[in-house]
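Here's the structure, in structure tokens; my notes come after.
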Amino acid sequence: MAAVKPSLGRVLPRSSMLFLCDMQEKFRHIAYFPEIVSVAARMLKVARLLEMPVVLTEQYPKGLGPTVPELGAEGLQPLPKTCFSMVPVVRQELDSRPQLRSVLLCGIETQACIMHTALDLLDLGLQVHVVVDACSSRSQVDRLVALARMRQSGVFLSTSEGLIMQLVGDAAHPQFKEIQKIIKEPAPDSGLLGLFQGQNPLSC
């Protein structure tokens, strides 16, 4: 079968990976933090059902605390970092997966660790899909402009449910009924509609 065309942005479980970035105790003050974590937790549950690899990082955990328990990341070994990008600490994991084509990216903050990670992944030739309802920032201006900036660089922006539906692909999928339970209730509002009122700066 021919390789997936990078310009299409298709995601397949066998060639995708979920990145969970820095959802830690000291970041609870960030706008829409509970909603962001809730959506990221959905993505994690789906990744586990589809047997997708997952990596979890923590930014300077000595000062910023551990990953919040509501993410449901038990069993994952968090990788501590000081660099804004996740890539240096996960590079060995990336290199061990030659079939990897796409990374799905959740976490905080959008204009810092998410954007640095996305750009580094693009440099490695990977497709990057930022889960817009699972990323936030202290400043919503920073959040919105960072999303636009990443899109200019070739990042795909999508909602959690949009990506989940792509990953499943078929109602006949053996895990579809379990995944359907996860997305039965709409994802919580993370302020995106308010950001997009009036002229949409993310439009082409």
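Of the inter-residue distances, the one linking H173 atom NE2 with E178 atom CD reads 12.0 Å to the nearest 0.5 angstrom. Separating the CG atom in L100 from the CE atom in M17 is a distance of 6.5 Å, to the nearest 0.5 Å. Atoms CD and NZ, from Q175 and K181 in turn, are 10.5 Å apart once rounded to the nearest 0.5 Å. Interatomic distance, R143 CZ to R138 CZ, rounded to the nearest 0.5 Å: 14.0 Å. Rounding to the nearest 0.5 angstrom, the gap separating the CZ atom in R10 from the OG atom in S16 is 12.5 Å. Between atom OG of residue S139 and atom CD1 of residue I30 there is a gap of 11.0 Å, rounded to the nearest 0.5 Å.
Contact annotation: the side chain of I108 approaches that of F33 to within less than 4.5 Å [non-hydrogen atoms, C-beta and beyond]. Looking at heavy atoms from C-beta onward, M43 lies out of side-chain contact with V54 at the 4.5 angstrom threshold. C83 has its side chain out of reach of V89: every pair of non-hydrogen atoms, C-beta onward, lies at least 4.5 Å apart. In this structure, K81 and P88 have side chains that are not in contact, with every pair of non-hydrogen atoms separated by 4.5 Å or more. Taking the side chain as every heavy atom from C-beta outward, L94 and V55 never approach each other to under 4.5 Å. Two residues are said to be in side-chain contact when any heavy atoms from C-beta on lie closer than 4.5 Å; T67 and L76 fail this criterion.
When all heavy atoms are compared, the tightest approach of E25 to P69 is OE2-CD, 3.5 Å. Minimum heavy-atom separation, I36 to S136: CG1-CB, 3.6 Å. L18 and M52 get closest at one heavy-atom pair: N-CE, 4.2 Å. Across every non-hydrogen atom of L192 and D189, the tightest pair is N-OD1, 4.1 Å. Across every non-hydrogen atom of T57 and C21, the tightest pair is OG1-CA, 3.7 Å. V168 and F176 get closest at one heavy-atom pair: CG1-CD1, 3.7 Å.
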Original post:
Between D142 and E109, does a side-chain contact (heavy atoms from CB on, under 4.5 Å) hold up when you go through it step by step?
Top reply: CA-CA 9 Å; D142 281 335; E109 289 186 71; 5.9 Å; no
- Would you sort out whether E70 and R28 count as a salt bridge (charged side-chain N to carboxylate O under 4.0 Å, His left out), showing the intermediate values? CA-CA 12 Å; E70 55 265 40; R28 287 187 180 276; 2.7 Å; yes
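Looking at E161, its side chain never comes within 3.5 Å of a backbone N or O of A187 through a donor-acceptor pair. Of the possible polar contacts, none joining the E51 side chain to the R48 backbone as a donor-acceptor pair under 3.5 Å is found. With Q24 contributing its side chain and G65 its backbone, the two residues share a donor-acceptor pair below 3.5 Å. In this structure, R101 contributes its side chain and Q127 its backbone to no donor-acceptor pair below 3.5 Å.
The side chain to side chain contact (heavy atoms under 4.5 Å, CB included) with P13 is formed by just one residue from the set L167, V46, L49; it is L167.
Clustering ILVMFWY residues whenever any of their side-chain heavy atoms sit less than 4.5 angstrom apart, transitively, puts V128 in a cluster other than the one holding F84.
R42 and E185 are not joined by a salt bridge, as no carboxylate oxygen comes within less than 4.0 angstrom of a charged side-chain nitrogen. Here R91 pairs with D95 in a salt bridge; the nearest charged N to carboxylate O distance falls below 4.0 Å.
For P188, the side-chain contact (heavy atoms from CB on, under 4.5 Å) test picks out E35, S38, V39, with sequence neighbours left out.
For S160 and D133, the side-chain atoms include at least one donor-acceptor pair closer than 3.5 Å. For Q152 and R149, the side-chain atoms include no donor-acceptor pair closer than 3.5 Å.
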Using residues 112-123 as the side-chain source, report each donor-acceptor pair under 3.5 Å to any protein atom, sequence neighbours left out, with the distance given to one decimal.
| from | atom 1 | to | atom 2 | distance (Å) |
| --- | --- | --- | --- | --- |
| T117 | OG1 | M86 | N | 2.9 |
| T117 | OG1 | C113 | O | 2.6 |
| D120 | OD2 | S85 | OG | 2.7 |

